[in-house]
6 protein chains.
Amino acid sequence: MKKLVLTGAAGRLGSYLRAPLAKMCDTLVSTDIADGIDTPLPNETYVQADLADFEAMEAVVKGADMVVHFGAFVDEAPFETLLGPNFVGSYNIWEAARRHGTRRIVYASSIHAVGMHPKTDAIGIDAAHRPDGFYGLAKCFTEDLARMYWDKEGIEAVCLRILSCANVTNPRAVGSWLSYDDMIHLVERAIDTPIAGFSIIYGVSNNDRAPVDNSGARHLGYRPKDNAEQFAEQIYAEAGVLDPQDPGNFCHGGPFASTPIGRSAMMALNLDEDDTGQG
Amino acid sequence: MKKLVLTGAAGRLGSYLRAPLAKMCDTLVSTDIADGIDTPLPNETYVQADLADFEAMEAVVKGADMVVHFGAFVDEAPFETLLGPNFVGSYNIWEAARRHGTRRIVYASSIHAVGMHPKTDAIGIDAAHRPDGFYGLAKCFTEDLARMYWDKEGIEAVCLRILSCANVTNPRAVGSWLSYDDMIHLVERAIDTPIAGFSIIYGVSNNDRAPVDNSGARHLGYRPKDNAEQFAEQIYAEAGVLDPQDPGNFCHGGPFASTPIGRSAMMALNLDEDDTGQG
Amino acid sequence: MKKLVLTGAAGRLGSYLRAPLAKMCDTLVSTDIADGIDTPLPNETYVQADLADFEAMEAVVKGADMVVHFGAFVDEAPFETLLGPNFVGSYNIWEAARRHGTRRIVYASSIHAVGMHPKTDAIGIDAAHRPDGFYGLAKCFTEDLARMYWDKEGIEAVCLRILSCANVTNPRAVGSWLSYDDMIHLVERAIDTPIAGFSIIYGVSNNDRAPVDNSGARHLGYRPKDNAEQFAEQIYAEAGVLDPQDPGNFCHGGPFASTPIGRSAMMALNLDEDDTGQG
Amino acid sequence: MKKLVLTGAAGRLGSYLRAPLAKMCDTLVSTDIADGIDTPLPNETYVQADLADFEAMEAVVKGADMVVHFGAFVDEAPFETLLGPNFVGSYNIWEAARRHGTRRIVYASSIHAVGMHPKTDAIGIDAAHRPDGFYGLAKCFTEDLARMYWDKEGIEAVCLRILSCANVTNPRAVGSWLSYDDMIHLVERAIDTPIAGFSIIYGVSNNDRAPVDNSGARHLGYRPKDNAEQFAEQIYAEAGVLDPQDPGNFCHGGPFASTPIGRSAMMALNLDEDDTGQG
Amino acid sequence: MKKLVLTGAAGRLGSYLRAPLAKMCDTLVSTDIADGIDTPLPNETYVQADLADFEAMEAVVKGADMVVHFGAFVDEAPFETLLGPNFVGSYNIWEAARRHGTRRIVYASSIHAVGMHPKTDAIGIDAAHRPDGFYGLAKCFTEDLARMYWDKEGIEAVCLRILSCANVTNPRAVGSWLSYDDMIHLVERAIDTPIAGFSIIYGVSNNDRAPVDNSGARHLGYRPKDNAEQFAEQIYAEAGVLDPQDPGNFCHGGPFASTPIGRSAMMALNLDEDDTGQG
Amino acid sequence: MKKLVLTGAAGRLGSYLRAPLAKMCDTLVSTDIADGIDTPLPNETYVQADLADFEAMEAVVKGADMVVHFGAFVDEAPFETLLGPNFVGSYNIWEAARRHGTRRIVYASSIHAVGMHPKTDAIGIDAAHRPDGFYGLAKCFTEDLARMYWDKEGIEAVCLRILSCANVTNPRAVGSWLSYDDMIHLVERAIDTPIAGFSIIYGVSNNDRAPVDNSGARHLGYRPKDNAEQFAEQIYAEAGVLDPQDPGNFCHGGPFASTPIGRSAMMALNLDEDDTGQG
């Protein structure tokens, strides 16, 4: 692969991806709205750009074989806040890809696209969209957009519905944890699979209590290795009894499911980004 | 019902709805981006407003028991064209409804939300989203938005996936026709059903060849009466043989399925709005 | 058919069944816990008996070709109240049938076996059991018992999940009504079908808004004729707006779904038996 | 349509089809292994030919727009008997169609392709193959062949799984009857549908007790009108009690399900072709 | 957890559970109808009580956070024998839990709730009830009861459909074995899972030939370790050829499936409790 | 087991099976159309015979407890070429088995029975037949034949849908590889399972990217050990970018899906048998 683009490269998850992605291509073009990134790698170019700016995105995407699209505003927020980066930004990536012949887009979707499903339902990759906020709605929008660009234009897409890629600090994460190593492995497989078509897969580690079912995505060969069970005993002891009637406990989306639409799920819960771990 | 709002009231379908809706409420507030409507009914108030303008929409929706949301740009078009009325407009309606306690929204969704499914699949109301363009993508977006506002805020929604509410002028319409009478009946049922929750239903007449399955929406009591079979013989004779490999013939979305993304499906095919009949 | 047994013959539904059943057999043996029935028919014998008394039931069932089992305590009630007639009574009927070679049992099951499903789900005959009280639990118990006696002993069973066989007096009944004529037709078909095996079917009229799906029971040939839509307008007007968050409105079971377990659903709601119409 | 081919034209069902098919084309080419047919129609040509003879079939099919393939040995029989007409014959038709650009084949498949399913399962068009003999196996073979020629070569196919197109003379036929008028209507729809792709549909009249589910084939617009219920009372009275443990009663395939593989189902049961009515 | 109740504590499976459960709570209250148990643990209290006695059960359950309900008559038996402990006993546990605020009940259900399904169907947790006797019927009854108490009263339940928790002595057990260690692990997970809602899971070890599918219960995190494959060769050699037409071989329920209803499956087959291993 | 028959014994896969099968029986009868096999094993008898010759097959099968049927023409080819060995040959085996009381047949079916399904669908054992050529059609035919002989005659069958049992030399095989060791293990399990009924299972190793789902065949206890992931990096590097619009890349059947019907898939692609690895 000659040129690979990574959006959201200055974000937490993007930062973990830069090195492994750089190994898979001649040139890695990293982009973010931030001023810059730490120490660019030898074959890495950084471009500061706003996802909501089509021309800027077109310039970045032009000539790329694939795009790993992890850029987004990462929290529940008012619709107006997310409209640019999370909605229009997705359109910009796919439309630029279409105009310039990019072959495949690997997208950081999220469990929040289906976050209102009860956790006792082991949802598969065909679960109906049930977003738990505007953040999740943007993931639904992008998955449907990706499906359309595949159906009509033949652009491949792999939508990674990431659960919790962050430290394990609460009972939900014992099931929903995605370790950084497994996240990297997942992205690598989404890239090196010879045929992707339109694929959806959950991003979760090999946790004993992983509550989702990837059996419909076997062709991608994702085999996670880490397991959050090591943290279970202590975290459960600290957390005490949970109320199963609270959507924040009972639904796949966790705190997003019980936070009012448009409110920060992190601030409302005294969490920072590391604790919720949305991709 | 005291106050009922109709968006898109100056459009073709909206025009058919004004009189029947006026009978179901004390006050009908009709709104559109057009300058005005023909002869307002006695209990009808017209408000010119842009769907993309939140404050204008909030003023219209405030105090409404229900909203019948038929306003939209009605054709496939570039994303930028649809972003305001079809995407942001939907958000504006639901968010205004949430802020002001509107109970239910009846929405003109479309077959184009699932238009890339093969027509030989008798898709039900649980068919996965497969939009056939940005127009259809906006319908997917709004259905997911509506699902979220029901799951999290308890606002009821009935999404009417209208097939072809227009004159029967082509072979596809022999199956996909929705007569104006049946369209009115469908909207009435979506309004008078005591409990709607989040419901999806296809808007199609009782055509012999109606290619979709409403059996999952029995609670709404929609019983269409018209049947396009009367037009079949002549239309088929004029149309000649169709190519089953053409997505425009083989997919539920018809011409939208074969038109490039973002291009007008009507102009490209020398159709006018009456021939495609998108809600 | 030589001998046909009807249990619950003195009850409301049983009373409607006596005459039509008498025409289908040489001898109709009607039984109930009541002192007697109005004017026995020429080929009808009445036996007063307690469903919970195995020996009494055995005497009634002996020699019968089929049993139409409509006897039960008809209301939600404490478990202790239902244990005898609704649980043990069912066992007594099937076990007596097994010992004496009865070929088939037609059973008045109920929507309350699946009453906690949301009404927006058009449940089919394969819906998982979700009883809405002990009354519904007895229906689940009997359906499972009937399945077992078919699987292991070859006794045929038709379980009629009756919705509301009573006057249409509330919004739910506009969808859930089963007219007496359709109820009789349903029982006749359950009897005259040459092969029943183990079958489940919903007992509901041809209401526009019938919320359940009998397509899995086509072999029984049930074609209801009545339609409660005639009552809709007036009843909806009187009922006013319903709260969709109330299980009594949102679930198939109606008032049973919102009544605490074990409490009379009829008394609690100021209904009498005619208004709830549980079979 | 210029040229339409009908195989099995001298058979019982074929005889009913000749006149209506002749109206749908310029030239009807009728073929059978029989010496001739009664009074050819003005635009009808008869060709005596053996289905098992590829060159003969190629000559018949060449230049045809569509083929209505009803020719077959019509009874359960030893594999050797059916190999030529029912297996190789199907291959010959499709392969000739492929070589000469025939657009669509309408095929008389049969309930016997799925005849071992229990009748209490209301099987849909996606029911797994469970043939009840070599006759049914040939139907399975041809359906799979047709699917392949559609998937790989784009030849459309409509497989009509006919139940019992014959006089109603036994209890099974009260559910499984296909009247001649409905059979003709079904074939007409299979021909005039603009897009067929690969379709399966059950051939059964609008019987109250029709035990199969065509809801997956709505696009074909088949709306049968006749109803065998008129015969039910007398036939049931004459037939007496049936044993539900007998596959001949309990399975969709009827007598074929209980006849040993390879034995004539008609002779074994003292039936003639009119009574079993296999297409 | 302060107080945990174990019913059936003197039984074979209960005996294995006492020590591990005692570690998970401040006080373990063990109960059984037996006179006593071996050497109570330091934080264990034994109460002799009859499951069928509501007041006795209420006294035991009062104040408990959770109940592990393994008490039952463990064999197929006449309905009258099972009515008290297995039916009424379940009601008593749940009703006492409701009255006194118990949070969750972990229940020893059984494969016999679905024992009549063919073993070649890899049934999941959503398999329809098909009990293989009164013993299995009591499991169906209790699962439905538990579902109701969750739906209406919010009491969590985990139903463990145990296959064969006993020594591996017959061919069926090579697939159906649940080792004691895995059984303990399963119960621990059912207790320590933060959110259970209403869950069903099969209790079977990690046998190569385990014939059931727990993929719908991933959230519980059950990861069995033992594997009966080590016993396969010898047991198969000794058992010789099995008749696949015998329900005792072909159905999930094993010997229960072929034993007449109400007869002891253990005695009839010269088995003792250790060989059938019903929970 | 006294007598076991292996067909196709001189073929590539058959050669690997001879030794392990010989250990499972008193006498192994190996047969093929070839002149002979290498060094017969002590308890092995070789019979040269043509699958298409019923009397020859009957002589071979007579007295056998089981048949492992791997004989076939192994490539896509004209229908006429496959008719004898692959179609009639299957009939001959099952009919001979029926006449002489053979208990079970283990059959080398193939992914090509379902080869036209997109690879992004993780098809299970219940996937509808979608053959990718005549070779695959023969597999469909035989599976349906086997189902019939089980349903009507009680002959057990295990159909092994082998993916690619050959060296890993192309990107598809990274997912579809079946190692020889795993192939042997699979056949052993198909033989030693006490109850097979009618079973289907995919023959694929424990590859990370195995694209099919055997969860419906758990009772067979197949646990493959090999993993083609070791070959992925090099093979992908050599293969370069694949076109996802090519059925040969996008469908489960691989090169067979893009080869015209009836043409050799091996020759057309410059492959030899070792590269396609059809069983």
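So you know, we letter chains A, B, ... as the sequences are listed, proteins then strands, and number each from 1. For the numbers below, each heavy atom of this structure counts, side chains included, while hydrogens, waters and symmetry mates do not. In this text, all values refer to a predicted model and were calculated from it rather than measured experimentally.
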Could you check which of L242(F), D213(F), V241(F), V212(F) has the highest count of heavy-atom pairs closer than 4.5 Å to chain A? D213(F)

Please classify the contact between D65(A) and chain F as side chain, backbone, both or neither, with a heavy-atom cut-off of under 4.5 Å. neither

Does a donor on one side chain sit under 3.5 Å from an acceptor on the other, for S205(F) and D226(F)? no

Let me know if V174(F) has heavy atoms under 4.5 Å from chain A in its side chain, its backbone, both or neither. neither

Exactly one candidate in S90(A), P131(A), S109(A) meets side chain to side chain contact (heavy atoms under 4.5 Å, CB included) with K139(A); the answer is S109(A)

Please state whether the side chain, the backbone, both or neither of D246(F) comes within less than 4.5 Å of a heavy atom of chain A. neither

Can we say R99(A) and E153(A) salt-bridge, meaning some charged N sits less than 4.0 Å from an Asp/Glu carboxylate O? no

Pair W94(A), F141(A) - check ring-ring contact (aromatic ring centres under 6.0 Å, His included), show working. CA-CA 12 Å; W94(A) 262 267; F141(A) 166 83; 9.3 Å; no

Can you tell me which portion of E233(F) sits under 4.5 Å from chain A's heavy atoms? Options are side chain, backbone, both or neither. neither

Would you give the length of the straight line joining atom CZ of R104(F) to atom CH2 of W150(F), rounded to the nearest 0.5 angstrom? 9.5 Å

Quick one: of T120(F), D243(F), N249(F), who has the most non-hydrogen atom pairs under 4.5 Å with chain A? T120(F)

